[in-house]
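Below, chains carry the letters A, B, ... as their sequence lines are ordered, and counting in each starts from 1.
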Number of protein chains: 2
Amino acid sequence: MTEYILLGFLMERDMTGYEMKQHMSISTSYFVDASYGSIYPSLKRLGQKGLVKCNETVENGKLKKIYSINERGKAVFLKWLASPILTSTTDISSALAKVFFFRHLPPEKSASLIGQCVRDLESYKKSLLELRSKVADQAESFELCTLDFGLDCYDFAIRWCSEHLLNKAE
Amino acid sequence: MTEYILLGFLMERDMTGYEMKQHMSISTSYFVDASYGSIYPSLKRLGQKGLVKCNETVENGKLKKIYSINERGKAVFLKWLASPILTSTTDISSALAKVFFFRHLPPEKSASLIGQCVRDLESYKKSLLELRSKVADQAESFELCTLDFGLDCYDFAIRWCSEHLLNKAE
DNA sequence: TCAAACATGTAACACGTTACATGATTTG
DNA sequence: CAAATCATGTAACGTGTTACATGTTTGA
């Protein structure tokens with residue numbers, strides 16, 4: 001997912017790997033905060049895939065590699081952005097990453113993705129509710145507790161997306 | 001973390017790798033659901049570390065490797081269980097995994113861990129609030145939105161832990 | 001002048017997924 | 001008798017972390 005975050009940053013402006021790391025720390029850090037050991041190899045891969053190009057310059061005696069996104073990179077980024085928000089029940093980070101860049105999507109598209117997201121949450125909740133009724137009698141108290149936390153999380157997320165996200169996208 | 005889940009299962013009863021996978025699907029699956037390609041290598045490692053032992057039997061012509069946890073394994077598991085619930089702002093799965101097995105902890109210990117967890121959540125929330133005030137003027141609407149979601153998540157989690165978890169542990 | 005910040009990267013290691021590979025038994 | 005379930009595992013691949021390795025400039 002790091003690669004998509006980096007592409008997203010480059011949608012805004014050209015940057016060096018170092019700047020991307022800095023930018024992360026004041027924007028995505030609380031849900032994604034990659035290390036240099038992840039950022040530099042990711043940039044290399046993006047270059048090999050032909051999604052970004054790199055301009056080497058020397059500024060104040062320091063080597064700088066300024067990356068920029070090209071048309072293919074933009075297409076790949078937008079395709080990712082326009083795909084369903086939720087990819088698993090666990091991966092909240094990638095969901096937030098997508099919403100973070102939603103300004104690059106036409107309002108009706110982001111609205112439809114958010115609507116889909118709410119329906120997915122409701123469906124996940126339903127499955128979990130079914131699991132609960134199946135195991136409620138045999139499960140131990142703390143075990144059931146984690147399941148109920150999951151259920152309440154779904155309620156919270158469904159309410160939050162409906163109240164804060166859906167109207168914002170239109 | 002898979003290794004700790006497997007150790008936790010073995011605290012209850014001896015099992016085969018296959019059974020552990022099945023047990024996961026009706027217990028931890030919505031926050032951790034490892035594949036066989038993760039379970040079998042994990043069991044191998046646990047054996048190499050001397051935390052579990054394995055009894056090979058043949059039942060109905062089928063090879064069965066029944067694993068059991070030993071004293072060292074129990075000690076390692078309990079040490080993990082008694083360590084702070086939150087390890088990062090992102091990793092909700094490992095937090096839930098710990099709570100899932102809280103019955104193996106003395107009530108005063110689980111209560112103190114939950115208390116610590118609430119304080120950690122409050123501290124994370126405070127940091128995020130500081131970040132928000134720093135970037136609020138320059139951040140775009142959807143970007144700020146993901147940040148506000150984080151903030152509301154912390155409120156939700158703090159309230160949930162205080163209401164549902166703290167009294168249960170005592 | 002010394003530490004912090006700027007700037008880039010690799011190597012070892014950990015750990016997860018999917019697909020592949022095998023073979024027995026049970027059930028419709 | 002065929003398909004589902006039981007049962008174990010490996011290999012290739014992806015991707016992340018930490019620690020290492022290097023060198024410059026800026027500011028106290």
Next on the checklist: Report for the helix from C:dT1-D:dA28 to C:dG28-D:dC1: angle between first-end and last-end helix axes, five pairs each, rounded to 10 degrees.
Outcome noted: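 Here the helix ends are tilted 30° relative to one another.
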Next on the checklist: Is the distance between the ring centroids of B:Phe101 and B:Tyr4 under 6.0 Å?
Outcome noted: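 Ring-ring flag for B:Tyr4/B:Phe101: false, centres at least 6.0 Å apart.
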State whether [X] and [Y] are salt-bridged, where the test is any N-O pair (Lys NZ or Arg NE/NH1/NH2 against Asp/Glu carboxylate O) under 4.0 Å.
| X | Y | result |
| --- | --- | --- |
| B:Glu71 | B:Lys74 | yes |
| A:Lys65 | A:Glu19 | no |
| A:Arg45 | A:Glu3 | yes |

[X] has an atom [atom1]; how far is it from atom [atom2] of [N], in whole Å?
| X | N | atom1 | atom2 | result |
| --- | --- | --- | --- | --- |
| B:Lys65 | D:dC6 | NZ | C1' | 16 Å |
| A:Tyr4 | D:dG16 | OH | P | 12 Å |
| A:Ile39 | D:dT18 | CD1 | P | 13 Å |
| A:Gln48 | D:dT15 | CD | C1' | 14 Å |
| A:Tyr36 | C:dT8 | OH | P | 8 Å |
| A:Tyr40 | C:dC6 | OH | P | 12 Å |
| A:Lys21 | C:dG9 | NZ | C1' | 15 Å |
| A:Leu63 | D:dT25 | CG | P | 12 Å |

Checklist entry - Hey, does B:Gln22 reach any base, or is it just sugar-phosphate, or nothing, if we go heavy atoms under 4.0 Å? => result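 Contact class for B:Gln22: sugar-phosphate only.
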Checklist entry - Any chance NZ of B:Lys49 has more than 12 other-residue heavy atoms, nucleotides or ligands included, within less than 6.0 Å? => result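 More than 12 heavy atoms, drawn from other residues, nucleotides or ligands, come within 6.0 Å of this atom.
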Item to check | Single-linkage hydrophobic cluster, 4.5 Å side-chain cutoff, B:Val135 and B:Phe149 together | outcome: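 Linked, B:Val135 and B:Phe149 end up in one cluster.
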Checklist entry - Is there a path from A:Met11 to B:Leu144 through hydrophobic residues (I, L, V, M, F, W, Y) whose side chains come within less than 4.5 Å of each other? => result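 In one cluster with A:Met11: B:Leu144, no.
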Checklist entry - Taking the side chain from A:Ser38 and the backbone from A:Ala34, do they hold a donor-acceptor pair closer than 3.5 Å? => result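 Absent.
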Checklist entry - Can you find a side chain N or O atom of A:Tyr18 that sits less than 4.0 Å from OP1 or OP2 on C:dT8? => result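 It does not, given that no N or O in the side chain of A:Tyr18 lies less than 4.0 Å from OP1 or OP2 of C:dT8.
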Checklist entry - Looking at the side chain of B:Lys62, which of C:dG23, C:dT10, D:dG23 is the nearest nucleotide? => result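 The answer is C:dG23.
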Checklist entry - If you pin B:Lys44 and A:Glu59 to their nearest nucleotides in DNA chain D, which one's is more 5'? => result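 Closest to the 5' end, via its nearest nucleotide, is B:Lys44.
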Item to check | Pair B:Asp91, B:Ser88: side-chain N/O donor-acceptor within cut-off below 3.5 Å | outcome: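 No donor-acceptor contact under 3.5 Å links the two side chains.
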Scan nucleotides 13-16 of chain C against the protein and return all N/O pairs shorter than 3.5 Å with their distances rounded to 0.1 Å.
unit_1 : atom_1 : unit_2  : atom_2 : d
C:dG16 : OP1    : B:Thr2  : OG1    : 3.0
C:dG16 : OP2    : B:Ser38 : OG     : 3.3

